[in-house]
Novice: 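Let me give you the structure first, and then I'll get to my questions.
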Amino acid sequence: MATPARTPRLRAWMLEGLTDRPGQHAQTGTAHEGRPWWRVMCLTGLDYFSTLGYQPGIAALAAGLLSPLATIVLVVLTLFGALPVYRRVAEESPHGEGSIAMLERLLSFWKGKLFVLTLLGFAATDFLITITLSAADATAHLVENPHLTSTLHGHEVPITLLMIALLGAVFLKGFSEAIGVAVVLVATYLGLNVVVVAVGLWQVATEPHVVADWTQALTAEHGNPFMMIAIALVVFPKLALGLSGFETGVAVMPHVHGDPDDTGARPAGRIRGTKKLLTTAAVIMSVFLICSSFVTTLLIPADEFKAGGEANGRALAYLAHEHLGSAFGTVYDVSTILILWFAGSSAMAGLLNLMPRYLPRYGMAPHWARALRPMVIVFTLVAFLVTWLFDADVDAQGGAYATGVLVLITSAAVAVTIAAKRAGERGWTIGFGIISAVFVYTTAVNVAERPDGVKIGACFIAGIMALSLLSRLARVFELRVTHVELDDMAQRFVRDTANRTIRFIANEPDRRDKAEYRDKVEQIREDNDIPPGDDVLFVEVTVLDPSEFESGLKVRGEVLHDRYRVLTLESSTVPNALAALLLHVRDGTGQRPHIYFEWTEGNPMANFLRFFLFGQGEVAPVTREVIRAAEPDRARRPHVHAG
């Protein structure tokens, strides 16, 4: 007998924070709420800094002896490319939407929506692969620990699935304290890395032959320094995973504490704090990337970086065990496992901040997608699927991860270039244009060498588009008007008719001359037997952007030809606008208004597609269906007539 009561409680818990009002989305709080920027940096640093667990090994496999030089190229691109781009993104889009929002403003109608869905596909690739890749790498560090190899080897997939499930459980429980956990994990992990890198540098300094052997091997393999630089420039795109933290840094921007006088339109304090976050994280990571690449390349045999080698995907962990002993190495492994596991939290936070900002607003997600917990379950299940498909293999997921990262950074570079040009900033336009060209080259090289990344990204894009369009079809008859505003003249028209039968005539405006309205009135009266003395109001709808799912409704009243009272409406669809007006008038006057249509000529299916894509088409039956869906009580529905 307890089951019926338990189900509503479960539903309420799952949909906690969800609003039933159309057009209203989860808010991130006022501009001055949040945490200090350095604490939020630790949240995004879970993703960014945790790449130290595998980045030195990737660099060694990609560039060999040239790994330090290729890493320096990556650092230059980080500090003088990605960092300026995302500092500008933080200014232009301070609420966490990132470059996607900037590019969305450049395109309208369906082409803008499809473009955003494409970028969301790559964002989903980036963030979801961050979750699965980090969990898989945490599993690799766990399995490769000398004390656990014999016990855990061969169980990588279930261990990775368990880690992802635990991450999802954290978000289902609530994420308010996760930033505090992130601070502890990041501080511990970076502290241990300082020890490992310092010991490695001391080892190199006290054994001069190590550097001599390396430089001699470089000269023998690549010839002169110019050839080395040229090769480093060619191979550095393979190191693109070292750029992974920037998009996440902007996505978690709403958590940054601002100033008391910040406004929603211009949270200057939050923007300033986010810039500090991005700059500090980039500088810290750049130092670690160069130092770790240097010591791992010089101190670890090349064969150990390859598949099956003890340093594969865990170069710094190898040094920790080799030079600091098994006990310290195990502590380092535990720290690495924890930060890699929890690195998915910054990606999950990015997904939960990004997806509900777009898909529900486009009508391309169920209404419950505005709530946090259902989306956590969805993303966790998708991460399960990705882990199973890739067999929890870190190397197999690297291409998709790098592609998602590079596409988003490239789109950000293009967005800020356009923003600078529109602002008349010639110097910044040229600078950002050069950065954009570099990232376009880097992305193209990465795609050419690892096309699997684009294929995986295309699967995410296709999935998002298919589910989005199906969702929009399923919700096509929802009342999608967020609010109704009548000007003074329109309110007067409604008040004047409130004490008698309220009759509206739906009219598709043509010439708007006297004959058009006279002929329309005569035809509607004849078709529907309206008494000659009854007043009528014309209603005309102008469709603004039919691709918008939700919009407000502005109603303006005017008198044409000294006789005909006309209400003009602006909305994204004709039937929804008319339905919203009728329900608003009913609520305001207590009467059930009547509206009169002519039947639409043409094929019903073609008219439905016109309504779905362009907001027009089979107006009469769709208006009635929208009203029926919005008002379950038949006795309270406005009357819809078609003749």
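One-based numbering along the sequence shown. Side-chain atoms are counted along with the backbone in the values below, which use heavy atoms only and exclude waters and symmetry mates.
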Novice: Could you report the tightest heavy-atom contact between I131 and G344, atom names first, then the distance?
Specialist: CG1-O, 3.6 Å

Novice: Determine, step by step, whether L486 and V484 satisfy the side-chain contact (heavy atoms from CB on, under 4.5 Å) criterion, reporting the C-alpha distance in whole Å, the side-chain angles of both residues, the deciding distance to 0.1 Å, and the verdict.
Specialist: CA-CA 7 Å; L486 277 68; V484 180; 3.4 Å; yes

Novice: Is there a donor-acceptor contact under 3.5 Å from the side chain of T497 to the main chain of F493?
Specialist: yes

Novice: Looking only at non-hydrogen atoms, find the nearest pair between V626 and A579 and report the distance.
Specialist: CG1-CB, 3.6 Å

Novice: Could you walk me through whether T589 and V494 pass the side-chain contact (heavy atoms from CB on, under 4.5 Å) test, one step at a time?
Specialist: CA-CA 8 Å; T589 64; V494 173; 3.7 Å; yes

Novice: Would you give the length of the straight line joining atom CD of E516 to atom CG of D510, rounded to the nearest 0.5 angstrom?
Specialist: 5.0 Å

Novice: How many angstroms lie between atom CG of L537 and atom CD1 of I595, to the nearest 0.5 angstrom?
Specialist: 10.5 Å

Novice: Any carboxylate oxygen within less than 4.0 angstrom of a Lys/Arg side-chain nitrogen, looking at E625 and R628?
Specialist: yes

Novice: When rounded to the nearest 0.5 angstrom, what is the spacing between OH in Y596 and CD1 in I505?
Specialist: 8.5 Å

Novice: State, with a plain yes or no, whether a side-chain heavy atom of R35 is found less than 4.5 Å away from one of V256.
Specialist: no

Novice: What residues, two or more places apart in sequence or in another chain, satisfy side chain to side chain contact (heavy atoms under 4.5 Å, CB included) together with V539?
Specialist: F504, L569, L578, L581

Novice: What I'd like to find out is whether the side chain of I271 reaches to under 4.5 Å of the side chain of K275, using heavy atoms alone.
Specialist: yes

Novice: For a quick test of reading the model, state the closest non-hydrogen atom pair linking V416 to V85 and the distance between them.
Specialist: CG1-O, 3.6 Å

Novice: Is the backbone N or O of V555 less than 3.5 Å from a side-chain atom of E570, with the two atoms forming a donor-acceptor pair by type?
Specialist: no

Novice: Return yes if some donor-acceptor pair links the side-chain N/O of E631 with the main-chain N/O of D633 below 3.5 Å, else return no.
Specialist: yes

Novice: Is the shortest side-chain heavy-atom distance between Q591 and R500 below 4.5 Å?
Specialist: no

Novice: Can you confirm whether more than 12 heavy atoms, excluding those of E526, are under 6.0 Å from its CD atom?
Specialist: no

Novice: CG/L278 to CE/M253 distance, rounded to the nearest 0.5 angstrom?
Specialist: 8.0 Å

Novice: Kindly write out the residues that satisfy side chain to side chain contact (heavy atoms under 4.5 Å, CB included) with D487, not counting sequence neighbours, or none if the list is empty.
Specialist: M489, A490, R556

Novice: Which pair of heavy atoms, one from L119 and one from L408, lies closest together, and at what distance?
Specialist: O-CD2, 3.9 Å

Novice: Quick check: does any side chain N or O of T380 sit under 3.5 Å from a backbone N or O of V376, one acting as donor and the other as acceptor?
Specialist: yes

Novice: Is the shortest side-chain heavy-atom distance between Y86 and T274 below 4.5 Å?
Specialist: no

Novice: My understanding is that only residues two or more places apart in sequence, or in another chain, count here; which of them pass side chain to side chain contact (heavy atoms under 4.5 Å, CB included) with A629?
Specialist: none

Novice: May I ask you to say whether R88 pairs ionically with E92, meaning some side-chain N is under 4.0 Å from a carboxylate O?
Specialist: yes

Novice: Could you walk me through whether L128 and V386 pass the side-chain contact (heavy atoms from CB on, under 4.5 Å) test, one step at a time?
Specialist: CA-CA 8 Å; L128 278 168; V386 171; 5.5 Å; no

Novice: Mind checking what makes side chain to side chain donor-acceptor pair (under 3.5 Å) contact with E485, not counting sequence neighbours?
Specialist: H483

Novice: Are there over 12 heavy-atom neighbours, none belonging to K421, within less than 6.0 Å of that residue's NZ?
Specialist: no

Novice: Nearest 0.5 Å please: distance from the OG1 atom of T443 over to the CD1 atom of I409.
Specialist: 8.0 Å

Novice: In terms of side-chain geometry, is the basic nitrogen of R272 or D259 positioned less than 4.0 Å from the acidic oxygen of its partner?
Specialist: yes

Novice: Can you give me the closest heavy-atom contact between G433 and T417, atom names plus distance?
Specialist: N-OG1, 3.5 Å

Novice: May I ask you to decide if P632's main-chain N or O and R636's side chain share a donor-acceptor pair within less than 3.5 Å?
Specialist: no

Novice: With rounding to the nearest 0.5 Å, note down the distance linking CG in L277 to CZ in R270.
Specialist: 12.5 Å

Novice: Please name the pair of heavy atoms, one in F597 and one in T623, separated by the smallest distance, quoted to 0.1 Å.
Specialist: CZ-OG1, 3.8 Å

Novice: Check whether S93 reaches the backbone of A90 with its side chain - one donor and one acceptor, N or O, closer than 3.5 Å.
Specialist: no

Novice: Excluding sequence neighbours, so at least two apart, what forms side chain to side chain donor-acceptor pair (under 3.5 Å) with E540?
Specialist: N507, R512, Y517

Novice: Mind checking what makes side chain to side chain contact (heavy atoms under 4.5 Å, CB included) contact with T501, not counting sequence neighbours?
Specialist: R503, H594

Novice: Please evaluate residues M348 and F379 with respect to the criterion side-chain contact (heavy atoms from CB on, under 4.5 Å), reporting the C-alpha separation (whole Å), side-chain torsions for both, the decisive distance (0.1 Å), and the verdict.
Specialist: CA-CA 8 Å; M348 184 72 82; F379 294 142; 3.9 Å; yes

Novice: Say whether, by atom type as modelled, one donor and one acceptor occur between the side chain of S436 and the main chain of A413 under 3.5 angstrom.
Specialist: yes

